[in-house]
Structures are given as C-alpha cells and as structure tokens.
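Each chain gets a letter, A, B and so on, in the order the sequences are listed, and its residues count up from 1. Heavy-atom basis, side chains included; hydrogens, waters and symmetry copies ignored.
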Amino acid sequence: MESLFADQDFLEKNSGNNFADIILPVPIPRMFTYRIPKNFQSEIQIGQRVIVQFGKKKILTGIIGKVHNKPPQAYEAKPILDILDVQPSVNPLQIRFWVWMAEYYFCHIGEVMFAALPSGLRLSSESKIQANPNFDLESSPYPLDTREELILEALENQNELSYEDCEKILGVKTIHPILKSLVAKEAILIFEKVQEKYTPKVETRIRLVPAIAKDKNALQAVFEAVQGKPKQESILLKYLRDIPVFNKPHLNEKGLDKATLLEEGDSESSLKTLIKNGVFESFKLVVNRIEEEEPEREASALSSTQQAALEEIKTHFETKQSVLLHGVTGSGKTEIYIKLIQEVLESGSQVLLLLPEIALTTQIVSRLKQVFGSQMGVYHSKYSDNERVEVWNGVLSGRFTFVVGVRSSIFLPFDSLGLVIIDEEHEPSYKQFDPAPRFHARDAAIMLAYFHQARTLLGSATPSFETYFNATQGKYGYVQISHRFGEASMPEYHLANLSADRKKNLLKLDSTRLLREKIQNALENQQQIIIFQNRRGYSPYVQCEDCGWAAECVQCDVSLTYHQFAEELRCHYCGYKEKVPQTCPACGSSQLSTQGMGTERIEESLSLLFPEARMGRMDLDTTRNKYGYQRLLDEFAAGQIDILVGTQMITKGLDFGKVTVVGIWDGDRILNFPDFRAGERAYQQITQVAGRAGRRDIKGQVIIQTRNPENDLFEKVIRGDYFEFFRQEMFDRKKFFYPPFVKLVKITTRHTDFKVAEKAAHALHHQMANLPVKKIVLGPEKGIIARIKNQYQFESLIKLDKAGNTQSVFKEGLSKILEELQSVPEFRSVRWIVDVDPN
DNA sequence: AGCACGCCGACT
DNA sequence: GTCGGCGTGCTC
C-alpha cells in the first residue's frame with residue numbers, strides 16, 4: 001500500500017505540468033484545459049500567448065492562466081498548437097486583475113481578455129488554398145472547367161494562394177463557389193494560415209558608403225564626380241546637411257529615411273544612380289512608429305500654493321492609498337502631477353496617468369511630452385492596432401515607464417506601478433458600458449494600484465460625490481486648491497431668462513438679449529466666445545410641418561438624428577442611416593423642417609446674428625477624424641475663430657486667455673437629467689464650462705440661458721458652494737437609498753418579443769426578491785428606449801447594502817438565477833445584461 | 001459569441 | 001428531390 005502511494009507521489013512530481021488552463025477571448029464563464037505537448041513543457045509560462053484550436057474550426061489566441069498536471073475527467077484535452085511569446089505578454093498581476101474585474105463587473109474572463117489585449121496581439125487567420133497532393137488531373141473522375149484549371153496552374157508555381165490572389169488570377173469578384181467546387185473535386189485544400197497581426201514598421205534607409213563617410217578625400221572625389229549633375233549634387237548636399245558625417249560619424253550608421261531624403265522634390269532615379277555608382281547604399285531598418293523625442297523643457301517651478309498641495313499629497317500618501325486633489329479649473333494641477341510623476345519615476349516605479357478620451361488630444365499631453373520625452377507612452381483610442389502593440393511592448397520592455405492614456409490603458413502590462421493618477425476623476429466617460437466588461441476605469445484603476453501597492457491620485461475641479469464622500473469618510477486623503485494659478489479670478493455668472501425675453505419679444509433665433517450683448521461686447525474687444533450645448537439625450541431631428549411625421553429608426557424606438565454635413569438621418573443606438581427624404585413619406589408634403597437645436601443650428605443662428613464673426617464648431621461630426629480636433633484647437637488658439645460652438649468636448653483642456661464669454665445655450669437641458677445624479681452632473685457641467693472663461697487678466701462672464709432662473713441649483717453653482725450642495729445631495733441620497741449609501745446593479749432583460757421580455761424580466765425580479773441579502777429591487781420597468789436593434793428591453797435596479805459580503809452573496813445568487821432562467825425553454829434566447837455601478 | 005447539426009417549407 | 005430557414009447544443 002505504502003509503496004503504491006509513494007509511486008504515485010513520485011509520478012505526480014516528475015510527470016511535469018502537462019496541462020494548462022487557458023483564457024480564451026470567448027464569452028463563456030471559464031478557462032479551458034489544454035494539453036501541453038512535451039516539447040513545450042519546459043518553456044511554458046503563465047501569461048504567454050498560445051495558439052489553440054477551439055471547437056471544430058476556430059483558431060484562437062489564448063493566454064496561459066494556470067499550469068498544472070490534472071487531466072480533465074470528462075473529455076480529452078486538445079493540444080496547444082504553438083507558443084507565441086518567448087517572454088509572456090501578460091504578467092501574473094494582470095491576470096489577477098482580470099479575474100477581479102470579471103468577478104466584480106459580473107462578466108466572463110474571456111470578455112476581459114478581449115478588452116485588455118490590443119487586437120494586434122491577437123492572431124489573424126486567413127484562408128489559404130493549396131494544391132491537393134493526392135489529386136491527379138488525368139485520373140480524376142470530375143472534369144475541370146477553364147477557370148478551375150487556371151487556379152491549378154497557378155498553384156504549380158506558388159505553394160499557396162489567398163482568396164484575393166485567386167480573385168486576381170481570374171478577375172472575378174466572388175471566388176468562393178469556384179474554390180468550393182475545386183474542394184469538392186478534391187483538387188485543392190483550404191486551410192487557415194495563422195499569423196501575428198502586428199507588423200513591425202520597416203523603413204528603407206539610405207546611408208553614405210562607409211568608406212566614403214570616413215574619408216574626406218573620397219568624399220571630395222565624389223563631389224567632383226557629380227559636378228554638372230545638379231540633381232545628384234542636391235541629394236548629396238541634403239544628406240550631408242542632415243547627417244554631418246565628419247562631425248557626427250555615428251549618425252551615418254542609421255542613415256536617413258529614403259522618403260525624407262527625397263521629400264524636397266529630388267528624384268528617385270538620381271538617387272538610384274548614386275547607389276549604382278557606389279556612393280550611397282540602401283538598407284532596411286525596423287523603426288518605432290512612435291517617434292523618439294527628447295525632453296525639451298524642465299518642469300516649471302511650483303507656486304507656493306502648488307508646492308503646499310504637493311507636500312500635503314505626499315503626507316497623505318504615507319498613510320493612505322488614495323488622495324483626492326480638489327483643485328478649481330486653472331489651479332495648475334498638471335504641474336503638481338509632473339512633480340509627483342518625476343519623483344515616482346526616479347524611485348524606479350512606473351506611472352499611469354488616466355485622462356478622459358477627449359482630453360487626451362489637448363495641451364496637457366504635449367506639455368507632458370515636453371517634460372518626459374520618449375520615456376512617456378501615449379495610449380489613444382485613435383491609435384492604430386500596430387501603434388497600440390508598440391505601446392504595449394514598450395511597457396513590457398521598459399521603454400515606457402510612464403503612460404498617459406484612456407480608460408483601456410489600465411490593461412497595459414505594468415509590473416511595478418508606483419502611482420496612478422486619474423485626472424478629471426468625475427468624468428462619466430470613464431465608465432464603459434457597451435461591450436462587457438462594463439468597468440469604471442477610475443474604480444478599476446484604484447484596484448489595480450492596490451494590486452501593485454501603488455498610490456492613487458484622483459484629480460478634479462468638481463469631484464464626483466462618491467469620491468468626495470470617501471474623502472469625508474477618511475478613506476481617501478483630501479487636498480484642496482481653491483485659488484486659480486496666477487492672478488485669474490473666478491468668473492461672473494448671469495442667468496438669461498428665456499421666457500421673459502420671449503414675452504417681451506427680445507428672443508432672436510433662440511438667443512436672449514443678454515447673451516447677444518455679451519457676445520457683441522466681446523467681439524468688439526477682440527475677445528473669444530465659447531457657446532456650449534449639451535447634446536445628451538437630445539438631438540436634432542426632421543419633422544413634417546403638415547402632418548407631424550418624424551423620421552424614426554426601423555430597428556429602435558427612437559427618432560433619427562439629423563446630420564447636416566452629410567444630409568443624413570442616423571440612429572445613435574444602432575448606427576442605421578438614411579438620406580433625408582425630399583417629401584414627407586406619410587403625407588407627401590415638402591414642408592420638412594429640422595427640429596431642435598444642435599450645435600449645427602446654433603452655429604447657423606449665430607452667424608446670422610453676427611455675420612462678421614468667424615465661427616467654429618466642435619462636436620462629434622467635426623472631430624471624427626484623427627486631426628479634426630487638434631486643427632480646431634489650433635485655429636482657436638491662433639485667434640482664427642471668434643465664436644466656438646461645441647458639445648461636452650469643449651469643456652476639456654481648452655486653456656486660452658482670450659476667452660472671456662462662455663454661453664450655455666440651454667441651461668434647462670442640463671437640469672433634466674433623468675437619474676439620481678442629475679444635480680451632481682448639472683453642477684459639474686456648468687462649473688467645467690464656466691472654467692473656460694476669463695483665465696488671465698479679464699474677468700470671465702458666464703451666461704446661462706434658462707426658462708427657470710429661479711431653480712436653486714443655479715444659485716448654488718453661482719455661489720460656487722460645492723460643499724453645501726454636496727451636503728444637501730447626500731441627505732437626499734441617504735433618504736432615498738442611492739450611492740454612495742448603497743451599491744447599484746442594473747440588469748437589463750432583452751428579447752425580440754415584447755411579451756417574452758416582459759415575462760422574463762418579471763421572473764428575474766421574483767427570483768431576486770428571494771435572495772437572502774439586504775437589498776431593494778426596483779422594476780422591472782420598460783426601458784427608457786423600449787426597443788433597440790429590434791430587441792425590447794426591461795430594466796431592474798437593485799440597491800445593495802454596502803456592508804459585509806452582501807455583494808458577493810448577491811452576485812453568486814444572481815449567477816444561479818440567470819443560469820436557471822436561461823435553461824427555461826421560453827427564455828432561451830433572452831439576453832441579460834448586468835451593469836455593476838451603472839452611470 | 002459563433003458554428004454545426006437537425007428538422008420542416010418553396011424552389012430547380 | 002434540394003436549398004436553406006433558424007431552433008438548440010457545445011466549445012477544453
């Protein structure tokens with residue numbers, strides 16, 4: 001008996017770890033066990049990317065999550081096909097973070113993986129065709145037509161062909177039927193060729209042949225040789241201007257990019273001649289897509305207020321993981337960040353600075369770049385796949401010790417974070433809601449920092465009430481800067497009464513007399529004006545003036561949004577679009593008009609009222625492409641625009657001394673936000689927009705157009721009394737059970753059949769009511785938008801007690817409930833979407 | 001989520 | 001007779 005155990009023990013210890021649990025980017029709530037072939041066993045590591053077959057057809061990139069030696073009981077494990085990384089692309093800390101995120105945000109680890117890995121690190125597979133070696137044309141029972149023969153002929157010269165190749169060979173668009181027929185006749189084989197998506201950037205470089213570069217006489221001889229050949233001479237001079245081979249001989253090694261060398265109109269043929277004559281040589285070089293830049297500037301000296309804040313932050317960090325820096329707009333938070341970042345980098349740790357997406361293209365990034373140069377990586381949503389992979393690999397290799405990025409940059413492979421800064425901490429865009437994981441980047445970043453034993457600094461001029469609450473509870477340290485940097489004073493607020501003006505007939509194209517006067521005044525003094533329009537929950541649409549018909553989406557219960565620049569109607573929920581009809585589809589009338597006031601309409605109105613002013617508009621439409629945003633900013637900064645009309649994005653990072661007037665076109669819209677955060681959001685928006693006004697020597701003017709000037713929210717904003725506002729709001733939230741006093745979970749039930757969706761939502765409601773946790777379950781209610789993409793939806797809101805293990809008990813119970821409901825035949829195709837901490 | 005397998009209607 | 005509709009079950 002004993003010896004048998006001993007043998008088994010011996011076997012287990014020495015049989016090696018021949019199985020791996022692998023995270024795959026699929027929405028199935030578990031890892032998958034694969035067999036590690038003998039030849040890979042010594043090199044396998046957690047976090048490596050591997051290739052596996054999944055199901056019958058799919059080839060996927062997976063991440064090794066766990067290595068062990070327990071063969072699965074119920075099935076035979078498939079083998080790992082290949083290992084993609086020598087060094088893991090993902091570190092164990094990240095895997096812990098993924099696991100946490102999947103649990104907390106109630107999603108599958110595969111979904112987290114999918115969100116975390118840049119798609120360039122996943123594989124692409126392309127179908128290729130190959131000649132079937134067993135095929136013999138002579139003995140084949142099936143005759144081939146000429147097109148099929150052409151393909152086979154091509155395969156005699158080339159080992160493999162892609163679909164595209166075949167299309168070119170035959171000059172047809174749809175190649176699939178022909179290939180299918182060839183497969184049926186067993187003439188060819190189709191297989192999947194798996195490739196890394198990421199491709200290094202390769203430049204053609206030109207350099208002086210070393211013998212010439214080292215020898216003045218040789219160079220002299222070359223110059224004599226090109227005499228009377230001005231084109232060649234010009235290239236040679238250009239090269240020596242950029243690469244002074246005798247002063248800086250090392251520069252010649254990497255030479256000059258061919259495109260740069262020829263960019264001043266020099267011809268390629270002249271260069272070819274020079275290469276042929278042995279003057280230059282051409283070679284290939286792998287280069288970084290993200291350019292190297294040396295720091296140009298020192299960090300600025302801090303003012304005494306800033307210095308004091310910095311010291312205070314550091315003191316808090318001695319005892320607290322997180323600190324809230326509450327600094328009014330213009331208080332110079334960036335400079336404080338810079339000092340802190342420098343200190344952490346010098347200590348050898350990494351730093352992550354999170355910014356909301358629209359703030360990332362602005363001055364703050366170029367300011368940071370000036371100080372930190374090429375050790376700083378930028379992680380953008382507008383970056384290409386290849387660029388993202390370079391940032392990822394740059395963090396892995398240590399090239400980037402500091403990253404500035406959007407919410408998804410929390411997934412980068414940091415291994416020793418010392419500090420995470422979340423700027424504009426209150427921004428709702430930090431919450432991801434469309435595909436799972438529905439995470440809040442601020443909260444996730446705090447957890448990430450905790451895993452790294454790093455510090456977190458939350459910065460905002462208008463902190464979210466959750467964060468401020470944590471500060472008042474002593475959970476976060478709290479540092480306040482209540483003065484603007486330099487001399488700038490706080491702006492002056494005016495409420496412009498829309499109703500009163502309308503009655504007195506003073507309204508012109510929806511603008512009040514007060515707003516017009518302030519604009520006029522600013523224009524006369526060569527000052528700039530910003531007009532803000534909140535677009536949330538509201539967009540311009542087209543309506544028939546005769547019958548009242550309005551264009552609606554075919555798949556969703558919403559009206560279509562009018563986009564002037566493309567003369568199109570679009571659905572903001574599913575992306576459906578159509579041309580604006582000439583006549584009303586319902587009654588045939590041609591009296592179609594645009595309703596509602598988008599930024600486009602405001603721009604139009606203002607240019608009618610101020611024909612001499614130069615207008616600019618900044619919204620999703622005008623900034624869609626990579627440089628649209630920057631171009632507008634540059635024009636505005638250069639004073640080429642007098643009035644800038646824009647949505648949320650103008651509240652971010654604009655810092656121009658010539659803006660003295662900020663107009664809020666429709667203040668009421670800001671008030672009517674349909675949830676418990678309405679007041680908080682209104683306060684934040686107005687304060688943020690107002691922060692753009694009057695930053696240097698001139699006092700800013702903020703004009704809010706409203707029908708409800710008596711609303712006390714305006715009064716609180718005008719008094720700038722964040723604390724009083726917070727206090728009152730907390731009173732209500734406690735009374736009505738809202739965060740931060742409870743934890744919210746929103747569950748959406750979706751189905752194509754209204755009745756089924758309703759029934760499923762109610763079934764869920766009843767099941768949840770039985771869970772043994774302290775909670776309040778609201779709903780189910782018909783979604784604010786009843787139907788999206790042809791799916792009807794119902795929403796339930798659960799308020800969980802924050803104490804103890806309520807959350808984990810609830811989530812476990814919820815998993816079981818959903819599993820059971822999903823197995824009811826009727827609810828088979830019902831979709832449930834769970835959103836933890838919804839916006 | 002895909003994708004294959006399987007069982008019932010309108011077409012060559 | 002077949003192509004193809006989408007219900008349902010599975011993926012190591």
Side-chain angles (χ1 to χ4, degrees), chain A residues 17-38 40-41 44 46 48-84 95 98-99 102 105-117 119 122-127 174 176-177 180-181 183-184 190-192 194 432-438 574 748-753 755-757 759-760 788-791 815 818-835:
Chain A
N17 288 325
N18 38 16
F19 292 95
D21 290 350
I22 295 179
I23 305 165
L24 293 174
V26 289
I28 303 167
R30 66 196 117 104
M31 298 194 200
F32 293 86
T33 307
Y34 282 81
R35 183 167 57 77
I36 309 171
K38 278 247 153 25
F40 291 151
Q41 280 178 23
I44 209 95
I46 287 179
Q48 273 169 328
R49 292 177 305 142
V50 291
I51 303 176
V52 292
Q53 186 173 64
F54 184 71
K56 289 224 161 79
K57 282 194 77 168
K58 275 189 293 247
I59 302 252
L60 295 177
T61 312
I63 299 285
I64 305 277
K66 198 180 160 192
V67 176
H68 57 86
N69 54 12
K70 300 192 183 56
Q73 299 296 305
Y75 51 86
E76 175 138 6
K78 285 182 183 170
I80 290 172
L81 299 178
D82 206 353
I83 302 181
L84 284 168
I95 293 180
W98 292 4
V99 169
Y105 289 106
F106 206 86
C107 66
H108 313 306
I109 189 147
E111 293 172 312
V112 179
M113 173 190 169
F114 195 82
L117 274 196
S119 67
R122 297 193 297 262
L123 297 167
S124 71
S125 75
E126 196 189 359
S127 297
T174 44
H176 195 69
K180 217 168 124 187
S181 152
V183 171
I190 296 183
F191 67 102
E192 291 295 302
V194 181
Q432 161 152 324
F433 58 90
D434 201 10
R438 299 179 171 79
C574 72
T748 309
T749 306
R750 281 192 187 160
H751 194 267
T752 42
D753 184 327
K755 282 263 174 267
V756 175
K759 207 171 161 190
I788 288 182
K789 285 198 196 176
N790 279 329
Q791 300 241 316
S815 298
L818 291 181
E819 213 173 292
E820 277 166 29
L821 287 178
Q822 205 86 82
S823 68
V824 176
E826 198 185 359
F827 300 151
R828 163 140 246 112
S829 51
V830 172
R831 289 269 298 124
W832 274 287
I833 295 145
V834 180
D835 192 355

key: Contact residues, residues 71-82 of chain A to DNA chain C [heavy atom, < 4.0 Å]   = A:Tyr75, A:Ala77, A:Lys78
Compile the donor-acceptor pairs under 3.5 Å between side chains in residues 20-35 of chain A and protein atoms, sequence neighbours left out, one pair per line.
{"from": "A:Asp21", "atom 1": "OD1", "to": "A:Thr33", "atom 2": "OG1", "distance (Å)": "2.9"}
{"from": "A:Asp21", "atom 1": "OD1", "to": "A:His68", "atom 2": "NE2", "distance (Å)": "2.9"}
{"from": "A:Tyr34", "atom 1": "OH", "to": "A:Gln53", "atom 2": "O", "distance (Å)": "2.8"}

message = Keeping A:Lys78 on the side-chain end and A:Gly55 on the backbone end, is there a donor-acceptor pair under 3.5 Å?
response = yes
task = Not counting sequence neighbours, which residues clear ring-ring contact (aromatic ring centres under 6.0 Å, His included) with A:Phe114? List them please.
result = none
key: Atom-to-atom span, CD1 of A:Ile833 to C1' of B:dA1 - whole angstrom   = 13 Å
Atom pair CD1/SG of A:Ile833 and A:Cys107 - distance to nearest 0.5 Å = 13.0 Å
query = What pairs with A:Ser829 under side-chain hydrogen bond (donor to acceptor under 3.5 Å, both in side chains), at least two apart in sequence or on another chain?
reply = A:His751
ask   = Any sub-3.5 Å donor-acceptor pair from A:Gln41's side-chain atoms to A:Ile36's backbone N or O?
value = yes
Under 3.5 Å donor-acceptor, A:Glu111 side chain and A:His108 backbone = yes
request  = Report yes or no: does A:Arg828 contribute a side-chain atom to a donor-acceptor pair with the main-chain N or O of A:Val824 at less than 3.5 Å?
outcome  = no
task = Report which part of the nucleic acid A:Glu111 touches: base, sugar-phosphate, or nothing (heavy-atom distance under 4.0 Å, all strands).
result = nothing
query = Taking only residues two or more places apart in sequence, or in another chain, which ones meet A:Gln822 in a side-chain contact (heavy atoms from CB on, under 4.5 Å)?
reply = A:Trp832
inquiry  = Each nucleotide in nucleotides 3-9 of chain B should get exactly one letter: B, S or -. Can you fill that in based on protein heavy atoms under 4.0 Å?
reply    = -S-----
query = Can you list, by residue number, the residues of residues 24-31 of chain A that have a non-hydrogen atom closer than 4.0 angstrom to DNA chain C?
reply = A:Ile28, A:Arg30
Results of side-chain hydrogen bond (donor to acceptor under 3.5 Å, both in side chains) for A:Gln432 - residues two or more places apart only = A:Arg407
key: A:Glu820: salt bridge (charged side-chain N to carboxylate O under 4.0 Å, His left out) partners, not counting sequence neighbours   = none
remark   = With a 4.0 Å cut-off (strictly under) to non-hydrogen atoms of chain A, the first and last hit nts on DNA chain C, 5' to 3', are C:dT8 to C:dC12
request  = Please list, chain by chain and in numerical order, all residues satisfying side-chain hydrogen bond (donor to acceptor under 3.5 Å, both in side chains) with A:Thr752, sequence neighbours excluded.
outcome  = none
key: side-chain contact (heavy atoms from CB on, under 4.5 Å) partners of A:Lys56, counting only residues at least two apart   = none
